[in-house]
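Everything below concerns the one structure shown next.
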Amino acid sequence: MSETRRKLTTIFCADVQDYTRLMGADEEGTLASLKRCREAMGRLIESHGGRVINTWGDGLIADFPSVVEAVRAAVDTQNELAGFNARRPADGRMLFRIGINLGDVIVEGEDIYGDGVNIAARLQASAAAGGIVISSTVYDQVRNKVAVGFEFLGPLMVKNVDEGVPSYAVKIGDARDETPPAERSGPARPQPQPAVMTAAISEARPAPRERRLYGVLAVIAAVLICINLLSWQGVFWARFPVLALAVVAALAWNRDQTLFNRKITSLAIVALGIAGINLFTWTGQFWAMWPILGIAAVMGVRWSMRR
């Protein structure tokens, strides 16, 4: 018998908009696209500390110990899938809807049950194609911690829940929620367009804070090089602080990028920095291979231990 217990967790629920239509048009192509999208989603969920609990048909459910990481995983997922869909015809795009809820659930073996799961599924069903809807319990935890916007949708009625669940659409680029007006307490809103290209463009473009940081680092590097050249005594000492500034810029970029696993990419950046130091102090021996080998071993262990 599996042990039954309760826990507070963040439930992540996703499915494909118009999956039946896609299957009717091209079964094999749709299944191949679904597999590719699920692999990308599973990788991003794991990279944010989450766990895929179950998949069925076109659906997926996962849970996260961190509310913030659950929302970040959802945003990263929609951004990555937007790039995938941008290369497909409009009537063949595989657009996922994602709902996220923080709630108390029943845990039985590897599965979770309860109203917390039902609410996440209901939020997912009300999300726009390519969009994300979260409950107010999630919003309270992430509103000042995730660099996205939110739009209040009003209470969402959920089966077996007496009161409506206040919900919010997560704004990714120009994405907006397209919850049917009958399910909201307020007046109907115009139906938005799916977030396909806008999410990918907003992700690829550095945020203003990042652009300022890169600008400051570039100015400091230029000043150091100028000082070195103007006070030239046969030694290009500026190469070391410039290398350090380059590593800082790379780590700042890695903090918000979604293309690769952030922890593994951080180790790779450190390895490149060590290789740069070795080259700048070259005495005929590539001593950097030893620390780089150690870093490579750590990266390999992290990759192999992914859940």
**Prompt:** Any idea which heavy atoms bring Ile45 and Ala73 closest together, and the distance?
**Reply:** CA-CB, 4.5 Å
**Asked** Which atoms form the tightest heavy-atom contact between Trp237 and Asn228, and what is the distance?
**Response**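 It is N-OD1, 2.9 Å.
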Atom pair [atom1] ([X]) and [atom2] ([Y]), whose distance is rounded to the nearest 0.5 Å:
X: Gln17; Y: Leu95; atom1: CD; atom2: CG; answer: 7.5 Å
X: Gln124; Y: Ile61; atom1: CD; atom2: CD1; answer: 9.5 Å
X: Tyr113; Y: Arg6; atom1: OH; atom2: CZ; answer: 13.5 Å
X: Met41; Y: Ile98; atom1: CE; atom2: CD1; answer: 5.0 Å
X: Leu102; Y: Ile119; atom1: CG; atom2: CD1; answer: 10.0 Å
X: Cys13; Y: Leu123; atom1: SG; atom2: CG; answer: 9.0 Å

**Message:** In terms of relative ring orientation, are Phe150 and Tyr168 parallel, tilted or perpendicular, with 30° and 60° separating the classes?
**Reply:**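 Phe150 vs Tyr168 ring planes: perpendicular.
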**Message:** Under 3.5 Å, is there a donor on one side chain and an acceptor on the other for Arg88 and Ser33?
**Reply:**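 Judged by distance alone, the side chains do pair up.
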**Asked** Is the closest basic N to carboxylate O distance between Arg51 and Glu110 below 4.0 Å?
**Response** yes
**Message:** Tell me whether Trp282 at atom CH2 has more than 12 heavy atoms from other residues, nucleotides or ligands lying less than 6.0 Å away.
**Reply:** yes
**Request:** Evaluate salt bridge (Lys or Arg N to Asp or Glu O under 4.0 Å) for Asp15 paired with Arg97, printing each intermediate quantity in order.
**Result:** CA-CA 6 Å; Asp15 82 346; Arg97 303 173 299 185; 3.1 Å; yes
**Prompt:** So Asp91 and Arg21, salt bridge (Lys or Arg N to Asp or Glu O under 4.0 Å) or not? Walk me through it.
**Reply:** CA-CA 10 Å; Asp91 60 352; Arg21 177 184 62 80; 5.7 Å; no
**Request:** Go through the steps to decide whether Glu80 and Arg43 satisfy the test salt bridge (Lys or Arg N to Asp or Glu O under 4.0 Å), and finish with yes or no.
**Result:** CA-CA 11 Å; Glu80 181 158 330; Arg43 170 174 53 80; 2.3 Å; yes
